[in-house]
Protein chains: 2
Amino acid sequence: MNRPDDVSLFTGGPLYKEVKRRLTDSLEAARWKPGEAIPPEPQLAARYGVSIGTLRKAIDELVAENVLLRQQGRGTFVASHRGEAMRFLFFSIIGQNGSRQYPEVRLERFQRARAGDAVAQSLSVAPRAPVLQFRNSLWLGGESVGVDDITVPAALFPGLSLTRLRERDNTIYHLYEHGFGISVMRIDETLRAVAAPADVAALLGLHAASPLLLVRRVAFTLNERPVEFRLSWVNTAMHEYRREAGS
Amino acid sequence: MNRPDDVSLFTGGPLYKEVKRRLTDSLEAARWKPGEAIPPEPQLAARYGVSIGTLRKAIDELVAENVLLRQQGRGTFVASHRGEAMRFLFFSIIGQNGSRQYPEVRLERFQRARAGDAVAQSLSVAPRAPVLQFRNSLWLGGESVGVDDITVPAALFPGLSLTRLRERDNTIYHLYEHGFGISVMRIDETLRAVAAPADVAALLGLHAASPLLLVRRVAFTLNERPVEFRLSWVNTAMHEYRREAGS
DNA sequence: TTCGATTTGTTCGTATGTATT
DNA sequence: TAATACATACGAACAAATCGA
């Protein structure tokens, strides 16, 4: 017996880490798509030639990383931006009473452009590489709370258009996933306080130079490829940015 | 055999969850102190009357929550603010190049006071309960980057004084832990952009009304008891607040 | 509604590997 | 080197949730 996926002769470290790598590779290759179930544990264990306990340890780590989702009696599913699960994983604005609510998003602008040096470096593309840029305004309870300036590499999003962005009926990351096979799995954010630029202030109905929270985000796929650069200006007069740490 | 800690007849859910509760209770009761090793796995498994696998599953979760720390060949240790491990778990300011460095802290003020309504609610103490308040300025590379206004319930920190704060040779949370048996294990932060108050601006060498990042922090112990309320004003001209999400 | 098949969750026990002292 | 302690891996049995016949 020597099935192609068999891992039992692997010698470069713990077996379960190798199994995890194989699973990750299959996920990156979209062998199983977001929202779909991966094969049952006994079947995967047999395929890789490991015990079910070893397989489960590999899956455990992917579940902890929000890459897979287990449901007893149903199966193990590839994380997707379709449902509610990832809805607030990447949206951190809350009301002053602590209420979490997803914003209404309005597309304000869409254009083709070329990457500046900073954006090119963040997105790991060549300077002046073609990119798509669009601006959204975010609304919570009828109030304008922020502006997102989003830049993505044009090569990764062929056919992304103003219409496509307008017609989506879900989050932007769901559109990336469903429309372009790009799954945002991790974000890296740095925050600072700045004076509002004139155009942003106008969109938010504020005086220019009002203090705004500026969030610089880079979004990554499972294989750590950066796929989106985003600057968000947030009016924190009536809302806040929340983060928990330690457990 | 019916040892007092035996858990084998427990019926209210998974055994390992009950074992985890017992471990947590022992940690709260300071049966094992920060920095110390808990008993070896076989010994704990015998004490609770469970298999070693079940015990390990309980410990796994506490390790994932940064409550315990495992070291192969040495033992399993209670998390402590003494070492480097928790150093950057609760300090999120980085340089513009992404460098993480721990700030120099200067005590600017220390006073006894009474809790206002907002602080009292955050700290779960009665309104006008006695509290201790102190202000620190934070310095990175010779530059003043922020001001912390810290409020703690006086009842939890008997004997905390200006001298005590000045003479510490480690982080404030290490002082809480070592001097008062209070271990901060989790923080909850909300962030907003504000115009600098005059006194803070002066300390930071900025014009009044410069935009500052205001971080409102509540710190909790293992049993979710709030033990510190903190407002931090951060000058994000040369530094940033960093957070990662998703994995 | 009931029942059986499927799938993950929990628990047990054992053996062996690896790091530390 | 020997003893100790956690890490990895195996396998088995039963429990609990889900789903369709």
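Predicted model only: the values in this text are computed from it and were never measured. Just so we're on the same page: letters track the sequence lines, and every chain starts at 1.
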Examine [N]: is either OP1 or OP2 under 4.0 Å from a nitrogen or oxygen in the side chain of [X]? Give yes or no.
X	N	result
A/Thr76	C/dT7	no
A/Lys57	D/dT8	yes
A/Arg56	C/dT8	no
A/Thr54	D/dC10	yes

**OP:** Could you state the atom-to-atom distance from CG of A/Leu15 to C1' of D/dA7 in whole Å?
**Re:** 13 Å

Nearest to the side chain of [X], which nucleotide is it out of [options]?
X	options	value
B/Glu41	D/dC6, C/dT8, D/dA9	D/dC6
B/Gln72	D/dC10, C/dT11, D/dC6	D/dC6
A/Arg74	D/dC10, D/dT18, C/dC12	D/dT18

Subject >> Partner nucleotide of C/dG13 by Watson-Crick or wobble geometry (both distances under 3.5 Å) >> reply: D/dC10

Going by an N to O cut-off under 4.0 Å, is there a salt bridge joining [X] and [Y]?
X	Y	answer
A/Glu41	A/Arg56	yes
A/Asp188	B/Arg242	yes
A/Arg216	B/Glu240	no
A/Glu18	A/Arg22	yes

Subject >> First of A/Gly13 and B/Gln71 reached from the 5' end of DNA chain D, by closest nucleotide >> reply: B/Gln71

**OP:** Tell me what A/Gly53 touches on the nucleic acid: a base, only sugar-phosphate, or nothing, going by heavy atoms under 4.0 Å.
**Re:** nothing

